[in-house]
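Worksheet: the structure to be examined is printed underneath.
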Amino acid sequence: MEKWPTTPDLASVIPDSVLSSNRLSHIPEIELVFDTDLEKIIDFNLQAPDFFSISREKLLSQTFLDLSPKKVHGQESASLIQIHISDALQGGNPSFSWMLQDSASATIRCNLRMFRFPPYSRQLIKIIITDLTDQRQFETDTVINEERLTLALLATESACFDWQPLIGKAVWDERMHELFDLDPDSEVDRGEHFFQSIHPDDRGRVQQNSTENTDPSNQARTFKEEYRISLNGKMRHILMNGLLFRNEKGEVERGIGTCQDISERKQAEEKLRFQAALLENVSDAVFSTNNEFRITTWNQAAEELYGWRTDEVIGKVLQDLVKPTYPDKSREQVLSEFRKQGSWKGEIITQNKAKEKLHIYASAQVLRDEAGTPIGGIAIHTNITERKQTEIALRDSEEKFSKAFQHNANLMALADFESMTILDVNTAYCKRIGYAREELLNIPGKLGFEGVDPNVRQHIMQVIKTEGRIIDFEALILNKLGEKIHIILFIEPLKIHGRNLHICTCVDITDRKLAEEKFLETQKELINITERYQLSIQSSQVGIWDWDMLTNKFVWDDTMYKLYGLEKEEVEITYETWSSLTHPDDLAEAEAGLKDVLSGKDEIQSEVRIIWPDTSIRNIRTKVILQRDDQGNPIRMIGTNWDITKEKEIEQAKIRAGKLEQKNKELEQFAYLASHDLKEPLRTVISFSSLLKRRYEKALDEDANTYINFIHQAANRMNQLVKGLLDYSRIGRNKQLIPIECANLIQLVLNDLNAQIVETEAQFDITKLPLIQGYGTELRVLFQNMISNAIKFRKPDFPPKIQISAKRKKEHWEFCISDNGIGIDATYLAKIFVIFQRLHTIDEYEGTGIGLAHCQKIVDLHDGKIWVESQLGEGSSFYFTIPD
Ligand code: ADP
């Protein structure tokens, strides 16, 4: 050990390499390095294992207390040693008597000296042990110590004194004399001069401490005093350290010590304190530290910021208190910057006494003495926690805003209405409006895009100007493709970085609008349908009835009353009313229908007869539906009634017509069979009567011949009748509709009737006749019968004049064949169309009475009508129609 460090400052200059064992090995004293955090001995010199008769390894695992007895000087060694360690850690360099024990538990009386030991980032103590059991050794040690002392004093520029109070002797070295401004040769009592030199303000304290230290009851082995001396008007700060040696009685025999002029350090500290005092009233925390970062000053604001009082922090290492962390930087980097630049500024995160996190803006400056040597640092800590939190909150809220803006489903834009510029738009905006961001953003004067009607835009600008915002403004805009977009516009003012901007939100309601339009259309359509329905109900004479089954109340609409032949005011409708109006024969069936509905059938339809007040009977058709409540109970029955009397009549007529047709068919069949079967025996009668006449005419008398003639004529006539009947039954058998040119057909008929026409000199007036669809053979028969009758029934001596014409009517052609013949008595106009009906005898006009029956049947076959207009003696006009 080359130096005897007496102050922390001095200790700090000892290089770390001092720890190396070879440097310790030549020191006769036992040295241990003790880590107070680990509570372990971490290093020692070569003498140490021998001293404790212990292996190196074992010694390394020992705590200091392992090497000491439980009690020393009658006190708990653990608490006693702790006091000395604390003293040493604070730079006190304590020296005290102690007891140690070796591995065999043998007690060794020692003197211990403790020093704070580098590196100072750790709590290391060097313990120097002087074995006092051997006086000789002690003396040797003393000599060595004195040598070392001299060396140390030289190195530290300390003055040294040796004071023996019992004999009143004080020996000062040269430096001591210099320090206390005393001639070394002076006879002045050094003790007296010493006390006299002390500043009056400190003297009392120093004297008192000295008295206490030298008191035999006091076991103190060291002393330390800081005071000022005042000599020749000059004041100096002195740090005095010393060892006390006591005799058996405890009296101080000797005090050896050093005095060090610490005025410069004090001045530096004063300067720091002064500078700190200047900043005492500032709102920022200001504090200074020494070179070890131990706090030397701590202003009011620092107390408030961190919560520790000044007296709690002085001497403490700042780092240990506020535990700073540096965003993006390590502590080593910061310290290196600080040392290199002599200052450092930046944000740090610390904690206060309550361990609350603080954001601090720190500004630290290295302080130097006049020679430029760093003496510590001064730091200003500004609390930016609130600002930081606001910043974070702002950043969060900006992020939230940005997300809400960009990902909003509505169309959003940030606009500057002053410069008419769009500053930002969201994705939905670009997508819907169809423009790229570049086409919209940062183009002054071009607010928005072409698709906004200039009048709408002007209106918006006006409202913004007067009211500052727009709420719920519906507008129609066009996107880039010219598609219509219905929007609801909201514009809200927004201040961003001092700029008055507006955030515009467009809610796209196009779909809603279309749906609305569709809805309106549907509604209109519904109204139309309802109107049509009501009209159709009214026009169709459908009556509606409504039976509330819970109240048994019947409601009939006006039509219902009409359908039942009742006056609304005259009758009150109940179930009984209805049943009394229903035909008794149909009531059971009608009620069964209602029961069917009640028992689950959704809808029934039935037909009933009802009896009107005038006893006439009407047919009513009814449809019923049932309404049920949530539990399925029937609550309401609604029905419609309409009159089907006519329908029924038509139905009946159809049935009758069907039956008639069937009968006709059967009759035709019969006529055919009868006429067909009659032909054979008739032919026999005719041929045998002819034979009889031919062969026996001469053999028979006149009467017999007359009879045979009668038989022959009657048989022939019957043959004609049968033939006519057969033809009649054959009409329409092989019918086939074909186009018929009536003029041609008439010509054929006239050709057939040529002999009669020539004979009677009949004249014809034929108008233009149409082309019709008809049955060819049948129509030829029709015209032939008509024309031959017109010739046949002529007035005697009057050549027949016959007109044939056709008139176009709405849905048919009306043909007319009129003559100037004998005419027909009005009584028989209808009769003549009946088969075998004749108005004349054979002698007057030959014929069978079948011709017009044929005509009737042929016209029926064409779904036409046939009739005759005539006056007896005035000619006749036969009409018939042939539909298109
Ligand atoms: P037929 O000619 O064989 O007597 P029709 O059935 O053709 O049988 O006529 C029935 C009756 O209608 C005739 O007997 C006749 O009395 C009357 N009649 C028919 N056509 C005429 C006519 N053009 N003028 C007057 N009477 C007519």
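Just so you know, ligand 1 is whichever comes first in the structure, and atom 1 is the first atom listed for that ligand.
- Scanning the protein heavy atoms around atom 2 (O) of ligand 1, the nearest turns out to be K792 NZ, 2.9 Å.
- We find that K723 and D727 are joined by a salt bridge, their nearest charged nitrogen and carboxylate oxygen being less than 4.0 Å apart.
- Within the structure, ligand 1 lacks G821 among the residues with a heavy atom less than 4.0 angstrom away.
- Only side-chain heavy atoms of F878 come within less than 4.0 Å of ligand 1; its backbone N, CA, C and O stay farther off.
- D765 has no carboxylate O lying under 4.0 Å from a charged side-chain N of K801, or vice versa, which leaves the two without a salt bridge.
- For E814 and K807, the salt-bridge test fails: no basic side-chain N is under 4.0 Å from an acidic carboxylate O.
- A side-chain donor from one of K693 and N709 sits under 3.5 Å from a side-chain acceptor of the other.
- Heavy-atom contacts of I822 reach the following atoms of ligand 1: 25 (C) (cutoff under 4.0 Å).
- Residue-to-ligand polar distances place G849 within reach of ligand 1: an N/O pair is separated by less than 3.5 Å.
- When each atom of ligand 1 is checked for a heavy atom of D819 under 4.0 Å away, the hits are 23 (N).
- Salt-bridge annotation for R683 and E680: present, with a side-chain N of the basic residue lying under 4.0 Å from a carboxylate O of the acidic one.
- Relative ring orientation between F880 and F783 is described as perpendicular, the plane-to-plane angle rising above 60° on a 0-90° scale split at 30° and 60°.
- Classification of K595 and E591 as a salt-bridged pair fails, no side-chain N sitting under 4.0 Å from a carboxylate O.
- Nearest to atom 26 (N) of ligand 1 among the protein's heavy atoms is I824 CG1, 3.5 Å.
- Considering backbone and side-chain N/O of L852, one or more are found under 3.5 Å from N/O of ligand 1.
- Each of the following atoms of ligand 1 lies closer than 4.0 Å to a heavy atom of G823: 25 (C).
- Listed by number with element, the atoms of ligand 1 under 4.0 angstrom from any heavy atom of H840 are 15 (C), 16 (O).
- When non-hydrogen atoms are compared, ligand 1 lies under 4.0 Å from the backbone of N789 as well as from its side chain.
- Every atom of ligand 1 with a heavy atom of L839 under 4.0 Å away is listed here by number and element: 14 (O), 16 (O).
- Each of the atoms 12 (O) of ligand 1 lies under 4.0 Å from some heavy atom of I832.
- Under the 4.5 Å side-chain criterion, counting only non-hydrogen atoms from C-beta, H812 is not in contact with I882.
- One side chain, W547 or N552, offers a donor N or O that lies under 3.5 Å from an acceptor on the other.
- Scanning the protein heavy atoms around atom 27 (C) of ligand 1, the nearest turns out to be F793 CD1, 3.4 Å.
- With respect to the salt-bridge test (charged N to carboxylate O, under 4.0 angstrom), the residues D643 and K562 do not qualify.
- Within the listing of ligand 1, atoms 10 (C), 11 (C) sit less than 4.0 angstrom from a heavy atom of Q837.
- A salt bridge is defined here as a Lys NZ or Arg NE, NH1 or NH2 lying under 4.0 Å from an Asp or Glu carboxylate O, and K524 with E521 fails to meet this definition.
- Proximity of N785 to ligand 1 is not established, as no heavy-atom distance is less than 4.0 Å.
- Which parts of ligand 1 touch R838 is read off a 4.0 Å heavy-atom cut-off, strictly below it: atoms 1 (P), 3 (O), 4 (O), 14 (O).
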